[in-house]
Amino acid sequence: MSSTNVHDTSMRAALSAAEAAGSGPSPADRFNIDRDGPAKRAVKFLALQQRFQKLNEYCDEAAAEIRASLGRSPR
């Protein structure tokens, strides 16, 4: 009787392990860093590129104004 009990317990453990493994994401999904896909990343990249371009233009204008103000003679 004890061998049947051990066999039952090991079978239950194996079944519960198999069910737990089947219910979660696969190893490929867990380590897949490309979930957004290339198209979404490209859109995000373009938006960031536009923001940095505007910031760069603002910094250029501010630097030009500072240079111009330094060139003026104080009165």
Rounded to the nearest 0.5 Å, how far does [atom2] of [Y] lie from [atom1] of [X]?
X: E61; Y: N56; atom1: CD; atom2: CG; result: 10.5 Å
X: L48; Y: L55; atom1: CG; atom2: CG; result: 11.5 Å
X: Q50; Y: F45; atom1: CD; atom2: CZ; result: 10.5 Å

Output all residues satisfying side-chain contact (heavy atoms from CB on, under 4.5 Å) with L46, sequence neighbours left out; order by chain, then residue number.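 Q49.
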